[in-house]
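Here the structure comes first, spelled out in structure tokens, and everything after it is commentary.
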Amino acid sequence: MDAQTTSSQQQQQQGSASVSLPFIDIKDSPIFRSKVGELERTSAALSNRTRKLLQGASQYCQALDDAFQASLKFSDCIESCSGGNGMDGRGGDDDVGLQLGGPVLHRFVQSLKEMSSFLELLRTQVELIICDGLGSRSDRLYEAIRNGEKRLQQKTSEYDAVRSKHLGHHGKRLGQKNSTTKQEVVIQARVEADEARFDLAKALVKAQGDYKFEVIEAVANVMQSQVKYFEHGHAVAQGLLPYIDESLKYVEALKEDSKAKMDKLDELIEYERTCSREHDLKVSRAEEERLKTEYGLDDGDAEIGAEKKSSRNLASELEALIQQTRVSGNALVTILKQGYLLKRSSTMRNKWQRRFFVLDSTGMLYYYSTKSEGINVGDLIRKSGANQHPHTTVNLLTAAVKPGLPEDEKPVPYAFRIVSPEREYYLQAEDEIDASSWIETLQGVIVCLLSGAFQSTDVKRPEVNASPIRPTHSRDMSGDMSALMANFNLMDEKQDARRREGPDVILAQVPGNDACADCRARKPEWGSINLGSLHCIECSGIHRKLGVHVSKIRSLTLDTRVWDDYLVSLFQVLGNDFVNSIWEANVDESMKPQPSSPASVKESYIIDKYVKRTFVEARSGDGSWNDDLWEGIRNNDILTCYRALVHSEGVPKSPMQPAKILATNIGSKFEEHEDFMPTALHFACCCGSGLVVVFLLVSGKYSIDAQDGSGRTPLMYALYFDKPEIAKILLTHGSSSKIVDFEGFTPFTWLKKKCPRSMQCASDPDLLKDLMN
């Protein structure tokens, strides 16, 4: 029997000589177990390498998905630039979209999106072939080996126990009567142990083979997908070549058009220079004539005759234009006179402020505020754009124009005043010619109104804060108003564009905002609204740990509702460069952490910078930061205010004398105690701008409902000094309309009974509604 078995084994070995197996035989022996251990270690190594391949494939899929999303976002940006909405399948058909070559750009958008779909297809194939397919098969192979090992160990243990019991090693042996049954149990246990050994051998051999060919097959299939991706992309790119050539030709045409416009603008500038020189010549001649008259050297009769003739011509022209407006029912409105004048404020400072005045053929005189002290260009555009409303003055039908100021006041050159039962306006021109022209035109309009050439009841007059009626034509005497309105429209477009872009895009253009204020990481997307600086995501997390009393962090892309126009404008004024010039005045560049620095290094530096204030430069020179703060508010100088707040650490105390004047002016009780003195926020509501008020609010140093010695809040100050814009800002930021001062007035009753000169606040329906709620 042994000879026959040996012969059979030799025949099997000869028949399978062409196949190499890892086992010489599969009998349970030390050699077999050693070989099993070796195969298990090899399988584990193959499994580990396959797992690393799966991790790499997963990262590659994520990179492909990021590239897909970025490509889609880029194509959406091009589509938005061309004026398309991505829904109608066309390029932009608006004027701006057509100027930017909307249809051609739309073709580029389609190609980019098609290429993006190839990226997504490639990602899907890599995910299916390697991450899902190879990963699941690898898991099954590994699980089969583990289960085989457990089963072999279990069945071998059972066989050893049954055999030992059969041989009498544990307890008594069974008698001859039960020996047959016992032998069958032993045989069954041995067979099960053998089958478990066979299964493990098959699992190990299968894993050895499958790991090899499945990895190679998966990678080869992925590379085939890569080849198809590049083939498809190449085909799309080839189809773009005609459109690229067309675009470049269009670019050349645009360059020529831009050059033609610049030449036209140069002609317009030269014309304006000529007009300015002629005006200066007239001013010089007027001064010369004044001197001749003063010393009795002039020929007055000829000049008087010319002036009378000129006045008659002007009166006739004014009457005709006013009559034309009345007949057309306000459809044709002409600007009779426009230009800059200095207007004396009605506040306690009597400050002269430059305003743009417009007198039109409806008989309305209104002006625009164009204050620019302490405000950057972006904020000036915003103020003169959609949020800038004309201010009406007085009813010229019941007004009189008088040269100079009242006799009891110090004379001011080129000044005149408009007197009416409502109020008086004190105005000043830049020279004698301009002053005479304004006086003569205003008096001519008043004469026309009184003579009945214009019936006010027949014409719908512009309401307070309503947009002015656009002129239909211009006159030499007043210039062309269309240029002014074009500027306003352009500002509106810029305002709308800014809202579409988002704060992250807008603020990235501010000097220093392209990098984190702390570690210089590129493209920071988090802002500290009380520090006025931008930070990367890691540094912003450290800022959050410091607490909101140190830094209030908000996302530029996620917390979009926080970033209103005022806050964005404030960050445009500041910027990382300026903020760091204060907080890092004594920092050597080598001390600053890098983007790759450990988090602990960054945290230590940020604590030194903002909590310990290690790098803030000490004040040099006389004076105090409290005085600087109030002076900055008075001049609408955000940078000075910021510097003063940083250096003063806590809440700056109010300077005694200005605070006393402010409280006295509004009729409040003044006490020399900081808890009952007007704060800088009170002062900003009197003399500052909306931007300064927002800056003080977001700084977190002032209570929005702080009360002075008579219990009056900043909101009451804004109402008293007729600042509807500031009042609305305070209400938006949570100022209470129910708070009561020591005399029992709420802000609404305060406005009605104690603020008779606050005409703009009293006539603002939105403000009144908020005050009554």
Side-chain angles (χ1 to χ4, degrees), residues 74-85 90-112 237 239-281 335 338-340 356 368 370 372 376-386 388 470-476 478-501 505-511 513-514 572:
F74 179 50
S75 62
D76 289 341
C77 290
I78 297 177
E79 189 168 30
S80 175
C81 181
S82 67
N85 57 17
R90 301 177 301 166
D93 55 2
D94 62 310
D95 291 341
V96 178
L98 291 175
Q99 291 178 18
L100 292 174
V104 176
L105 290 183
H106 183 67
R107 183 65 182 85
F108 292 157
V109 169
Q110 290 179 320
S111 299
L112 272 175
L240 279 177
L241 292 178
Y243 293 94
I244 294 174
D245 294 338
E246 181 182 349
S247 299
L248 295 178
K249 292 178 182 178
Y250 182 60
V251 167
E252 293 301 322
L254 288 176
K255 288 181 180 179
E256 294 178 2
D257 181 66
S258 177
K259 184 178 182 303
K261 288 180 179 178
M262 291 302 299
D263 294 340
K264 188 67 176 179
L265 179 60
D266 290 339
E267 293 178 6
L268 186 60
I269 291 173
E270 186 58 33
Y271 172 76
E272 185 64 27
R273 287 172 178 166
T274 302
C275 293
S276 179
R277 286 194 294 267
E278 291 178 355
H279 178 79
D280 294 340
L281 182 59
I335 300 301
Q338 65 176 353
Y340 285 102
F356 191 87
Y368 295 86
T370 55
S372 60
N376 73 335
V377 175
D379 188 57
L380 182 59
I381 290 175
R382 180 184 60 76
K383 277 186 167 291
S384 299
Q388 176 64 22
R470 183 167 182 168
T472 58
H473 58 281
S474 61
R475 303 169 62 247
D476 293 339
S478 59
D480 191 353
M481 185 60 176
S482 61
L484 174 68
M485 296 304 297
N487 286 337
F488 289 155
N489 293 336
L490 177 60
M491 294 167 188
D492 287 344
E493 292 173 5
K494 290 184 177 180
Q495 178 78 352
D496 294 340
R498 190 170 89 173
R499 288 172 180 166
R500 290 194 302 268
E501 284 180 337
V505 177
I506 298 168
L507 298 184
Q509 303 170 13
V510 179
N513 283 4
D514 58 335
Q572 286 181 297

| query | How many angstroms lie between atom CD1 of Ile269 and atom CG of Leu265, to the nearest 0.5 angstrom? | reply | 4.0 Å

| said: Can you list everything that forms a side-chain contact (heavy atoms from CB on, under 4.5 Å) with Glu252? Sequence neighbours excluded, please. | reply: Lys255

| query | What distance do Ile78 atom CD1 and Gln110 atom CD have between them, rounded to the nearest 0.5 Å? | reply | 12.0 Å

| message | On a heavy-atom basis, which atom in Val109 and which in Ser75 lie closest, and how many Å separate them? | response | CG2-O, 3.6 Å

| message | So does Asp76 get a backbone contact from the side chain of Ser80, meaning a donor-acceptor N/O pair under 3.5 Å? | response | no

| message | Taking the side chain as everything from C-beta on, heavy atoms only, tell me whether Asp263 gets closer than 4.5 Å to Lys259. | response | yes

| When the ring planes of Phe356 and Tyr368 are compared, do they come out parallel, tilted or perpendicular, using 30° and 60° as the limits? | tilted

| Which pair of heavy atoms, one from Ser111 and one from Leu240, lies closest together, and at what distance? | OG-CD2, 3.0 Å

| message | Checking Glu256 now: which residues fulfil salt bridge (Lys or Arg N to Asp or Glu O under 4.0 Å) with it, not counting sequence neighbours? | response | none

| field | Non-hydrogen side-chain atoms of Lys264 and Glu267 separated by less than 4.5 Å | value | yes

| request: For Lys249, check salt bridge (Lys or Arg N to Asp or Glu O under 4.0 Å) against everything at least two apart and list the hits. | output: none

| request: For the pair Thr274 and Glu270, evaluate side-chain contact (heavy atoms from CB on, under 4.5 Å) and give the outcome as yes or no after the intermediate values. | output: CA-CA 6 Å; Thr274 302; Glu270 186 58 33; 4.2 Å; yes

